[in-house]
Amino acid sequence: MEKISTNKGLLDRFLNAIEKAGNKLPDPAVLFLGLMLLTWLFSALLAPIDFGEFDPRTGEKLFIQNLLTGERLADFLSRMISIFINFPPLGVVLLAMLGVGVAEYSGYINAGLKYLLSFTPQVLLTPILILVAIVSHTAADAGYVLVIPLGGIIFYAAGRHPLAGIAATFAGVSGGFSANFIPSAIDPLLQSFTQSAAQIIDPSITLNPLNNIIFTGISSIVVIGVGWYLTDKIIEPRLNRTNPVDKDLSDIPKMEDLKPIEKRAFKIASSVMLLGLIGLFFWASPVDSSLRSENGEITSFAAPLMRSIVPLIFLIFWIPGIIFGFISTSYKSSTDVIASMSKSMGSMAHYIVMAFFCALFIDAFAQSNIGAMTALKGAAFLQSLQLPSQVTVVGIIFLSAFVNLLVGSASAKWALISPVFVPMLMQLGISPDLTQAAYRIGDSVSNIITPLLPYFPLVVIFCQKYVKKTGIGTLVSIMLPYSIYLLVIWTAFLLIYWSLGIPLGLQSTYEYPAM
């Protein structure tokens, strides 16, 4: 890789300090255990206090729940197994990796990457990766378990730093979570909470589920531009200086030319994959398809198709991987297929341990109501300031970004704070659509720096495949510039967009005001 000057600027020193401090933290599994114990302690200390807040989801008074009572501890012990096995990312990651493992160890992914790199200009590799990462939002959590690790593999195969590829795709998948020009399940989910909150002021108001689609589509360009600049000009040069790639990477694809038998195997396997996707398309196309929800929607969380994304990813990679393996002779028998799946699971051992403690902590934090209380208190404080509308919109973005460090679920946060923000801003002449767009920015940009993101430990594992010393501090220091740049530039873009009076999405019954 190209040798970079070792002169350290202010940003470099700042990020190095964060990385050094972060990596002094204990192993992530131990860290989550410690955070769970702290949550128990603070829940006991704060439980007697009446904060005077009401839960907008239930209308009942909200209290911090003491998790150190005998009843709560007994409930915790009785639920420990279910908390772990029902941890949402666990099944998603393991099932997807079973299929991806077969495709990887058979050589199918390796062959596909060589084809991709053969016609993709080096200069466009970063923006194309970020674009793919953004589009992956349509397939729920597929980007975390598929696109992010492929970002590292593609960069390494192209002779670039693999952690830069992981960072670029992580920024697209998670930091740019609300930037997408393709509708996804999150659009109607957020709209439902926004509409309910807006009807507090105007019971007749109706919002289109795609009420932000124009803004989020154009925002894709913003996220790609920011990610492209940061990856190529700041992140990768720093990684080359501070985190050289380990030498023993025998399992990572190399760029040797494909053999004729491998080319033939790839074409046949890819043809089977394409036929499968075409069949899926025709299966899902009819309005009465069994893959759609009861009301005929295909992007709804209730649609069987959306709930089958990860099993489909498993099949889409598992079947072509097996076909490629046997035709190319990298697989000699079914034993080789099972061995590759076992090897893939072996690489997930550390993640499974982290997921156990992460699941326990996140459950405890949710049960305590500390995150919900923080969100409501922050919203009430912002409301009490009675700032100009433009400043209030910026305040919503920053508050959402901060609360996102404590409450991971996008829908859970919006369910809590939309009944405060949406009616408040409607009375200032600001449409619910704009308030929702502001929230979506704040909810996205801090995803990539909070260890409370359920997939954050998984990304650490992906990085350790190339740089074994990678820790939480390393990943936070890599992703922090993306978070800061996206927060500032995306916020400025929203204000400019608003001032120009451009519609945010498909028409709702509430007019879009000019700034």
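Quick note: numbers below take in every heavy atom, side chains included, and nothing from hydrogens, waters or symmetry partners.
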task = Under the side-chain hydrogen bond (donor to acceptor under 3.5 Å, both in side chains) rule, what do S368 and W40 come out as? Steps first, then yes or no, please.
result = CA-CA 8 Å; S368 71; W40 284 1; over 6 Å; no
query = Given side chains that start at C-beta, do those of Y466 and L163 come closer than 4.5 Å, heavy atoms only?
reply = yes
ask   = Do you know the tightest heavy-atom contact between S483 and S446?
value = OG-CA, 4.0 Å
inquiry  = Is it true that T126 and D232 share a donor-acceptor pair across their side chains at a distance under 3.5 Å?
reply    = yes
ask   = Does the side chain of S330 pick up a donor-acceptor pair with the side chain of Y105 at under 3.5 Å?
value = no
request  = Inspect the surroundings of CD1 in I81 and state if more than 12 heavy atoms from other residues, nucleotides or ligands are less than 6.0 Å away.
outcome  = no
key: Identified side-chain contact (heavy atoms from CB on, under 4.5 Å) partner of M479 from the options I166, L230, I448   = I448
Aromatic ring proximity F361/F365, centre distance under 6.0 Å = yes
key: Intermediate values then yes/no, side-chain hydrogen bond (donor to acceptor under 3.5 Å, both in side chains), Y144 and S174   = CA-CA 8 Å; Y144 289 103; S174 199; 2.8 Å; yes
OH/Y229: more than 12 non-hydrogen atoms of other groups inside 6.0 Å = no
OG on S328 to CD1 on I323, rounded to 0.5 Å = 11.5 Å
ask   = Regarding S270 and Y108, is there a side-chain donor-to-acceptor distance under 3.5 Å anywhere?
value = yes
message = Using side chain to side chain contact (heavy atoms under 4.5 Å, CB included), reason through Y455 and V173 one step at a time and then give a plain yes or no.
response = CA-CA 11 Å; Y455 289 103; V173 169; over 6 Å; no
task = Report yes if some heavy atom in the side chain of L98 is under 4.5 Å from a heavy atom in the side chain of V102; otherwise report no.
result = no
message = Between S106 (side chain only) and G321 (backbone N and O only), is there a donor and an acceptor less than 3.5 Å apart?
response = yes
task = Count the heavy atoms belonging to other residues, nucleotides or ligands that lie under 6.0 Å from CZ of F76, then report whether that count exceeds 12.
result = yes
key: Any side-chain donor near an acceptor of the partner, S178 and W490, under 3.5 Å   = no
message = One pair to check against side chain to side chain contact (heavy atoms under 4.5 Å, CB included): R440 and F177. What are the steps and the verdict?
response = CA-CA 8 Å; R440 294 178 75 159; F177 183 70; over 6 Å; no
key: Closest heavy-atom pair and its distance - P311, S308   = CD-O, 3.2 Å
message = For a side-chain hydrogen bond (donor to acceptor under 3.5 Å, both in side chains) check, start with the C-alpha distance between R160 and Q122, then their side-chain angles and the critical distance, and finish with the verdict.
response = CA-CA 10 Å; R160 299 181 60 179; Q122 276 278 355; 4.5 Å; no
key: Aromatic contact, F32 with F357 (centres under 6.0 Å)   = no
query = Is it true that a side-chain atom of S82 and a backbone atom of R79 form a donor plus acceptor pair closer than 3.5 Å?
reply = yes
query = Within the distance-only criterion (no hydrogens, no angle test), does the side chain of D336 pair as donor or acceptor with the backbone N or O of S333 below 3.5 angstrom?
reply = yes
request  = Identify the heavy atoms of A167 and I478 that sit nearest to each other, and give their distance.
outcome  = CB-CG2, 3.5 Å
message = Donor-acceptor pair, distance only, cut-off 3.5 Å: does the side chain of T169 make one with the backbone of G165?
response = yes
message = Between T39 (side chain only) and L35 (backbone N and O only), is there a donor and an acceptor less than 3.5 Å apart?
response = yes
inquiry  = For Q367, is there any backbone N or O sitting under 3.5 Å from a side-chain donor or acceptor partner on Q65?
reply    = no
task = For the pair Y482 and T231, evaluate side-chain hydrogen bond (donor to acceptor under 3.5 Å, both in side chains) and give the outcome as yes or no after the intermediate values.
result = CA-CA 9 Å; Y482 291 103; T231 303; 2.6 Å; yes
